[in-house]
Number of protein chains: 2
Amino acid sequence: MPKPSSTNPNSSAEAQAQLHEAQDRFIASWGRMGSVWGISRTMAEVHALLYITGRPMCTDDIMARLGVSRGNVSMSVRSLLEWGVVEKVRLPGDRKEYYSAEQDVWSMMRAIARERIKREVDPLLDALDEIAELGPQVGARSPEEARELQKRLDDVRDGFGLITTLAHKFAGPRGAGLQTAAKLLAKAPVGRKATHGRSRNPAKGGSS
Amino acid sequence: MPKPSSTNPNSSAEAQAQLHEAQDRFIASWGRMGSVWGISRTMAEVHALLYITGRPMCTDDIMARLGVSRGNVSMSVRSLLEWGVVEKVRLPGDRKEYYSAEQDVWSMMRAIARERIKREVDPLLDALDEIAELGPQVGARSPEEARELQKRLDDVRDGFGLITTLAHKFAGPRGAGLQTAAKLLAKAPVGRKATHGRSRNPAKGGSS
DNA sequence: AGCAGGTTTCAGCAGAAACTGAAAATAGAA
DNA sequence: TTCTATTTTCAGTTTCTGCTGAAACCTGCT
């Protein structure tokens, strides 16, 4: 029910404001995250907004809530659609387009991981392969330095290659299995118990 | 043996130039990577230079090779030292400071991962915890929306929490075990075989 | 102590990225 | 088809980030 959030039996104006604030905080954090990841702050904020409210929203809703221009919303939504973390929704009897975010966190994370690998790791791997091909030339004249170079190149390649293989299992179309794998690995005693030093806020909602 | 790379029995001027070019390409790629990761291009380039040559270098060497200012080198090196991927080296009989990069790729990757988690994930987790504390207020007046909010917050938290736990095993002081774990996981049939569609350059000249 | 060689800091500049606003394009209704 | 509500594009503007270069600051030799 994408109802223009107005007076709802359950929510007083005050509670509304508090909800609003909590949401805004999430949006702000996610947005800051976005800058660190190299995507635009607004794009991350739009995504956060759609995710946290869970309701389809149209361009004007987003503009109003985030206080950004129409053009900016349009561009951000487009990227989000490309990433596959947001989809268009048509409401019958309304000419506007509505947008809503992927609600399953793991799908969402897969999508994010997929994009990031594409942008961050793959180009490096390509470059590495390309550079490796210069090796023989060097090797012809300077075998020792060529070997050193080749070794370092290979080391990096192998490291990132492994990570990529791993990540593709996670991010690929059938990647859901990795959620399980991750949980397994998280439990497995690799070295020692690595509590990440943060006490989970207890009870409350069970999750997916 | 940090010899100012001059005439070496094994290397003709030509081979030297070719080695140089291969290195430069690596440096450029790694530098581009850096921008994507939100660290300055120069910082990444300095690191790449120190890694790929494997030789300790002083400020002037770096300035000359990378064509950047003294101040820039100074700042970059400082960050690199903080990240723990580069260390100071004193050469006896020379007042200059020399710097050299961690040569083990896995240590290097652990260091990188550690920094990135610190900068990217931890703040989000903190924000999430903080926001979750606003929940009860909302809940008092609007139980339904509060539950929805809490659930979404928890979902994200759980997802990132799991990843963090995992990552800390990898990046932590005893994290070396994860190299093994990664290899294991890479082999394990999670769903289906995920060849990452890239054929490793097979010894010599593949095509580009 | 004074001095020479080296490193760090930082104000100002330059280039890049993000954002706006309005014009152009598009898609649905009649 | 035409008319109109909505979305997209893009040139201009603003904002941000990284870089430089010179002055200030260390550090250890004499």
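Lettering follows sequence order; numbering is per chain, from 1.
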Could you state the CZ-P distance from B/Arg90 to D/dT27, rounded to the nearest angstrom? 10 Å

Does C/dA17 have OP1 or OP2 under 4.0 Å away from a side-chain N or O of A/Ser40? no

I'd like to know if the side chain of A/Arg152 and the backbone of A/Arg147 have a donor-acceptor N/O pair within less than 3.5 Å. no

When you check the gap from the basic side-chain N to the acidic O, do B/Arg25 and A/Glu133 get nearer than 4.0 Å? no

Under a 4.0 Å threshold between the charged nitrogen and the carboxylate oxygen, would A/Lys118 count as salt-bridged to A/Glu115? yes

Quick one: B/Met75 CE to C/dC10 P, roughly how many Å, whole number? 11 Å

Contact list (N/O, under 3.5 angstrom) for nucleotides 2-8 of chain D vs protein:
from	atom 1	to	atom 2	distance (Å)
D/dT4	O2	A/Arg95	NH2	3.1
D/dT7	OP1	A/Glu97	N	3.0
D/dT7	OP2	A/Thr59	OG1	3.3
D/dT8	OP2	A/Ser74	OG	3.3

Check whether any side-chain nitrogen or oxygen of A/Thr42 sits under 4.0 Å from OP1 or OP2 of C/dC19, and answer yes or no. yes

Enumerate, atom names and distances included, each donor-acceptor pair closer than 3.5 Å involving a side-chain atom of residues 72-87 of chain A, sequence neighbours excluded.
from	atom 1	to	atom 2	distance (Å)
A/Asn72	ND2	A/Thr42	OG1	3.4
A/Ser76	OG	A/Asn72	O	2.9
A/Ser79	OG	A/Met75	O	3.1

Roughly how many Å is it from CE in A/Met63 to C1' in C/dT20, rounded to a whole number? 10 Å

So, does A/Arg41 use its side chain to make a donor-acceptor pair with the main chain of A/Gly31 at under 3.5 Å? no

Which residue lies more 5' along DNA chain C, comparing A/Gly93 with A/Ser69 via nearest heavy atoms: A/Ser69

Separation of B/Ile39 atom CD1 from D/dG18 atom C1', in whole Å? 13 Å

Hey, is the side chain of A/Arg41 poking within less than 4.0 Å of OP1 or OP2 on C/dA17, counting only N and O atoms? no

To the nearest 10 degrees, how far apart in direction are the end axes of the helix from C/dA1-D/dT30 to C/dA30-D/dT1, each fit to five base pairs? 20°

